[in-house]
Amino acid sequence: MEKLEKANELLLQIVKRYPNISPVSLDDYDLFQSFFAKEKQHTYGNTWTYVTQGVYGLGPNNLGYKYYDGENLSMLATYPKILEPETIMFYWSRPMGETVLEKIVDISGDIKKKYNLSTYVKKIFPEQADKLKRLGLKDISTYPWYPSVHSEDDTFPELIIDVKNTISLFDNASRRRNIRHSYLRAQKIVSENHVSVSDKNIKEDGWKVIEQFFIEKETYKKEILSTKYDYHNMIFNNVGNQNLVRNVVYINSVPMAFYATDISVDGYTNAYANIVLRGKIPYLSDLVLTQMITNTNTKFLNMGGSEDESIHRFKLKYVPVQVNQMYWVTNN
């Protein structure tokens with residue numbers, strides 16, 4: 001992947017300095033699951049799919065690095081900032097463990113002195129953010145991840161829907177006209193086309209959809225804040241994850257959408273991809289989310305947080321019953 005040579009070089013130096021930092025491999029799946037199982041609060045970040053999603057290109061396995069000392073665990077990465085590609089940041093993602101916050105403060109401070117790398121700590125609960133700020137870190141507004149998106153997809157909160165309740169609203173125009181309209185748009189696509197869903201050719205057709213989506217996205221007016229590589233591990237490196245569901249949606253035998261969900265240890269389904277070639281068929285995102293909702297086998301579906309208000313509004317129409325705000329902090 002482009003621009004990661006410097007990030008990987010820095011990571012190799014950091015690994016030599018800190019014996020509890022090592023590359024993540026597929027063998028670490030059970031380790032992360034065991035820590036997720038100890039978590040007392042639910043978050044979209046409590047799955048293997050989440051922690052391995054944004055680290056492609058880092059480490060010998062394209063799965064990033066981890067801090068693990070026997071009691072504390074966190075995914076680690078170094079990445080360039082979007083608008084400052086020469087500025088490398090050090091990331092702790094979904095830190096877990098009794099003393100992990102103290103470890104973060106000590107190691108991040110040392111890394112800043114030794115390598116001139118500032119730190120982001122992401123996907124943390126409010127009480128974790130408060131404690132880290134008491135220990136000297138700062139609110140993300142002091143050094144946002146992106147000017148208009150201070151906390152990536154935690155800028156807007158995770159929205160969690162009750163699956164049965166949402167399905168009941170598809171047919172109830174009097175209670176929620178906007179969700180009813182979305183459902184009817186999805187049904188119109190089905191009535192006018194041959195629609196099929198399959199997990200048989202994910203690596204070829206799923207990746208084809210993602211590549212085409214980011215080509216099309218270049219023409220959008222909004223900022224491009226992610227890349228196709230955010231979905232690479234989800235498609236190619238999730239061997240052994242029994243809770244992961246991935247599907248390609250075909251319209252008239254042409255792959256037009258890709259979606260992925262994962263069930264966390266506390267029984268929530270989490271939606272990690274809703275990628276559609278929307279320039280070809282209007283309201284295709286509504287069809288995919290309808291498919292996702294109707295095929296969810298748990299009570300709750302966490303649709304995740306959002307980077308911008310338009311995505312947040314799209315999710316709100318599905319009538320969330322829980323709102324879960326997660327946070328970032330920095331030592332910059």
Side-chain angles (χ1 to χ4, degrees), residues 44 49 153 159-173 175-202 204-217 219-220 222 226 228 230-231 234-235 244-263 269-298 300-320:
Y44 184 81
T49 299
D153 59 357
L159 298 179
I160 302 167
I161 66 170
D162 181 299
V163 174
K164 285 186 178 180
N165 178 63
T166 300
I167 291 174
S168 73
L169 293 174
F170 288 158
D171 292 319
N172 195 327
R175 291 179 65 193
R176 283 282 177 173
R177 293 183 63 84
N178 51 357
I179 194 172
R180 170 70 173 164
H181 288 163
S182 294
Y183 177 70
L184 291 176
R185 288 165 181 161
Q187 294 306 106
K188 187 172 188 291
I189 295 172
V190 172
S191 68
E192 294 179 350
N193 301 275
H194 176 257
V195 178
S196 60
V197 179
S198 175
D199 63 354
K200 303 302 182 187
N201 205 12
I202 296 296
E204 182 176 341
D205 289 346
W207 189 243
K208 185 185 298 182
V209 168
I210 287 166
E211 288 192 304
Q212 185 60 38
F213 171 80
F214 281 97
I215 290 172
E216 289 184 5
K217 201 171 183 181
T219 65
Y220 295 178
K222 62 194 300 185
S226 58
K228 63 183 180 182
D230 291 324
Y231 300 91
M234 190 183 300
I235 287 181
L244 180 66
V245 174
R246 300 170 299 173
N247 280 306
V248 176
V249 179
Y250 297 84
I251 309 292
N252 302 323
S253 301
V254 178
M256 295 292 293
F258 168 78
Y259 71 85
T261 63
D262 196 350
I263 301 176
T269 296
N270 302 285
Y272 292 110
N274 179 352
I275 305 297
V276 303
L277 304 183
R278 68 180 190 179
K280 301 184 185 301
I281 298 180
Y283 309 115
L284 191 52
S285 288
D286 288 305
L287 171 64
V288 173
L289 196 50
T290 299
Q291 292 274 351
M292 202 182 294
I293 291 168
T294 55
N295 290 309
T296 296
N297 294 319
T298 61
F300 296 108
L301 173 67
N302 188 334
M303 296 187 288
S306 301
E307 292 179 334
D308 62 50
E309 190 172 1
S310 63
I311 299 173
H312 182 63
R313 285 199 307 270
F314 172 79
K315 295 175 183 177
L316 280 173
K317 69 184 176 183
Y318 288 91
V319 198

Take Tyr44 and Tyr272 through the test side chain to side chain contact (heavy atoms under 4.5 Å, CB included) and record every step on the way to the result.
CA-CA 9 Å; Tyr44 184 81; Tyr272 292 110; 3.2 Å; yes
Sequence neighbours excluded, which residues qualify as ring-ring contact (aromatic ring centres under 6.0 Å, His included) partners of Tyr318?
Phe314
So which heavy atom on Pro320 is nearest to which on Ile161, and how close?
CA-CG2, 3.9 Å
Quick check: closest heavy atoms across Ser306 and Ile311, and the distance to 0.1 Å?
OG-CG2, 3.5 Å
Begin from the C-alpha positions of Ile160 and Leu301 and carry the test side chain to side chain contact (heavy atoms under 4.5 Å, CB included) through to its verdict.
CA-CA 6 Å; Ile160 302 167; Leu301 173 67; over 6 Å; no
Who pairs with Phe213 by ring-ring contact (aromatic ring centres under 6.0 Å, His included), at least two apart in sequence or on another chain?
none
Not counting sequence neighbours, which residues clear side-chain contact (heavy atoms from CB on, under 4.5 Å) with Val245? List them please.
Asn247, Thr261
Apply side chain to side chain contact (heavy atoms under 4.5 Å, CB included) to Asn270 and Ile263, showing your working.
CA-CA 6 Å; Asn270 302 285; Ile263 301 176; over 6 Å; no
Only counting residues at least two apart or in another chain, list the ones meeting salt bridge (charged side-chain N to carboxylate O under 4.0 Å, His left out) with Glu309.
Arg313
Side chain proximity check, Val248 to Lys200, heavy atoms < 4.5 angstrom:
no
Keeping the roles fixed (side chain from Lys315, backbone from Leu159), state whether a donor-acceptor pair exists under 3.5 Å.
no
To check you understand the geometry: which heavy-atom pair defines the closest contact between Val249 and Val197, and what is its length?
CG2-CG2, 4.2 Å
Could you work out, with side chain to side chain donor-acceptor pair (under 3.5 Å) as the rule, every residue matching Lys164, not counting sequence neighbours?
none
Taking the side chain as every heavy atom from C-beta outward, state whether Ile275 and Tyr231 have any pair of such atoms under 4.5 Å apart.
yes
Reported CG-to-CZ distance for the pair Asn165 and Phe170, which is rounded to 0.5 angstrom
10.5 Å
Side-chain polar contacts of residues 250-258 - donor-acceptor pairs under 3.5 angstrom, sequence neighbours left out - could you list them?
| unit_1 | atom_1 | unit_2 | atom_2 | d |
| --- | --- | --- | --- | --- |
| Tyr250 | OH | Asp205 | OD2 | 2.6 |
| Asn252 | OD1 | His194 | N | 2.8 |
| Asn252 | ND2 | Asn193 | OD1 | 3.1 |

Looking at Met234, is its backbone amide N or carbonyl O close enough to the side chain of Arg246 to form a donor-acceptor pair, meaning the two atoms are under 3.5 Å apart?
yes
Could you tell me which residues satisfy side-chain contact (heavy atoms from CB on, under 4.5 Å) with Gln212, sequence neighbours excluded, listed by chain and number?
Ile215, Glu216, Leu277
Would you mind reporting whether Leu284 and Leu287 have side-chain heavy atoms less than 4.5 Å apart?
yes
I need the Leu244 CG to Asp199 CG distance, nearest 0.5 Å.
10.0 Å
dist Leu289:CG -> Gln291:CD (nearest 0.5 Å) comes out at 10.5 Å
Does Asp230 have any side-chain contact (heavy atoms from CB on, under 4.5 Å) partners at least two apart in sequence or in another chain, and if so, which?
Ser226, Thr227
With sequence neighbours left out, the residues meeting side chain to side chain donor-acceptor pair (under 3.5 Å) with Thr298 are Thr269
Residue pairs passing the salt bridge (charged side-chain N to carboxylate O under 4.0 Å, His left out) test where at least one lies in residues 284-295, sequence neighbours excluded
Asp286-Lys317
Might you work through the side chain to side chain contact (heavy atoms under 4.5 Å, CB included) test for Ser285 and Asn274, ending with a clear yes or no?
CA-CA 7 Å; Ser285 288; Asn274 179 352; 4.2 Å; yes
Considering residues at least two apart in sequence or located in another chain, which fulfil the side-chain contact (heavy atoms from CB on, under 4.5 Å) criterion with Glu211?
Trp207, Lys228
